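Heads up: the structure comes next, in structure tokens.
Computed from a prediction, not measured in an experiment: that's the story for all the values here. Below, chains carry the letters A, B, ... as their sequence lines are ordered, and counting in each starts from 1.
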There are 2 protein chains.
Amino acid sequence: MPMVTAAQQRAQAKLEYDAFLASCPSRQLLERISDKWVSLILAALGGDGPHPGKDRADRPRSMRYSELSRRLAGVSQKMLTQTLRTLERDGLLTRTVTPTVPVTVTYELTDLGGSLHDLMRGVKVWAETHMDEVLANREKYDARTT
Amino acid sequence: MPMVTAAQQRAQAKLEYDAFLASCPSRQLLERISDKWVSLILAALGGDGPHPGKDRADRPRSMRYSELSRRLAGVSQKMLTQTLRTLERDGLLTRTVTPTVPVTVTYELTDLGGSLHDLMRGVKVWAETHMDEVLANREKYDARTT
DNA sequence: ACCGGTAACTCTCCAACGGGAAGTACGCAC
DNA sequence: GTGCGTACTTCCCGTTGGAGAGTTACCGGT
């Protein structure tokens, strides 16, 4: 009989979540969401368009597996499935199977996933808007070191 | 009715970065910053304490190499050096060598790096605050699938 | 009855990336 | 000379991710 239940362990750890500690669960969560495919999946399901300033249609969408794999150009099926599974397990999105033929599987952000998406959208927009500056910095750096 | 040629569309698309396209530079930038070590390095140099609500001392810090490697528990020297180099190349932080003995190397966020840190801090805080919820979701998921 | 088509995976192989440990360069103190 | 401390750098090897073929399950056509 275990003396300490999982719930008790959580209650204990709750006092001190610190992502800088390698053993902290929040560190693993940070590693999980700091993933290129995670950020793109969130952006896709969050309804981010390519050009953030223009379309205001950034409400959560429900997307099919095949739709996602087309949207995230370059993702392998393995990684897409794997990443979606872990996000589902963590409660960031829901997976719905509709028994049509062939079977239809749709994914949708939960409220929890949506709250993370609100943050991650900013990061994606940052990358797109500061691209020029970063490219200029790289040129300067490469010129300096050659 | 304005006529838009294919050439004009291409020229237009060239100006706009879209992280969903595999070939877009901003996609590579998003992949670079969606990295566990990048987010932790930014948090460390941005002055994030373990408990975000408590200490207000979240102004940019200058940190030594050894200080960073102690702070980011579990990082290998190789990855720390490599990650710092690319962040320096992209202009997110500066590397300063002081010819003391032994040599002292300090790293500090640039304004550009600081602007990204403002966004990433939210993500780290999100991970720490929603940890309980995610752990509960995992238990439910595992119970459902076993 | 059989074949083909489609969606969503799943499996298998292999190349690339990341971690660990050991080695390097520098200058000074002894 | 030998040793030491900082900040790397190099080598080896285990793990991860990508490419692409294979799988399942169903149905509609012939």
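- Nearer the 5' end of DNA chain D, as judged by each residue's closest nucleotide, is the contact made by Lys78(A), out of Lys78(A) and Pro102(A).
- Between Tyr65(A) and dT6(C) there is no side-chain N or O to OP1 or OP2 distance below 4.0 Å.
- Atom CD in Glu31(B) sits roughly 14 Å away from atom C1' in dC17(C) (whole-Å rounding).
- Here dC9(C) presents its P atom at 14 Å from CD of Glu67(A), a figure rounded to the nearest Å.
- Looking at heavy atoms from C-beta onward, Thr104(B) lies in side-chain contact with Arg64(B) at the 4.5 angstrom threshold.
- Relative to the six-membered ring of Phe20(B), Arg71(A) meets both conditions, a distance below 6.0 Å and an angle of at most 45° to the axis.
- The pair Arg61(B)-Glu67(B) meets the salt-bridge criterion, with a side-chain N (NZ, NE, NH1 or NH2) lying under 4.0 Å from an Asp/Glu carboxylate O.
- Taking side-chain N and O atoms only, Arg85(A) has no distance below 4.0 Å to OP1 or OP2 of dA8(C).
- Atoms CZ (Arg32(B)) and P (dC17(C)) sit 11 Å apart, rounded to a whole Å.
- Atom CD of Gln77(B) and atom C1' of dC12(D) are 16 Å apart (whole Å).
- Within the 4.0 Å cut-off from OP1 or OP2 of dG18(D), at least one side-chain nitrogen or oxygen of Trp37(A) is found.
- Ion pair Asp35(B)/Arg32(B) not flagged as a salt bridge, since none of the NZ, NE, NH1 or NH2 atoms sits closer than 4.0 Å to an Asp/Glu carboxylate oxygen.
- As rounded to whole Å, 12 Å separates atom P of dT10(D) from atom CD of Gln82(B).
- An OP1 or OP2 oxygen of dA8(C) is reached within less than 4.0 angstrom by a side-chain nitrogen or oxygen of Ser66(A).
- The CG atom of Leu68(A) sits 14 Å away from the P atom of dA7(C) (whole-angstrom rounding).
- Considering every non-hydrogen atom in both Leu42(A) and Met120(A), the closest pair reads CD1-CG, 3.9 Å.
- Regarding contacts with the backbone of dA8(C), every side-chain N or O of Arg95(A) stays at 4.0 angstrom or more from both OP1 and OP2.
- Between Met79(B) atom CE and dT9(D) atom P the separation is 14 Å, expressed in whole Å.
- You'll find that the side chain of Arg64(A) is closest to dA7(C), out of dG19(C), dA7(C), dC9(C).
- Nearer the 5' end of DNA chain D, as judged by each residue's closest nucleotide, is the contact made by Val105(B), out of Asp35(A) and Val105(B).
- Residue Leu80(A) contributes atom CG, which lies 17 Å from atom P of dC11(C) at whole-angstrom precision.
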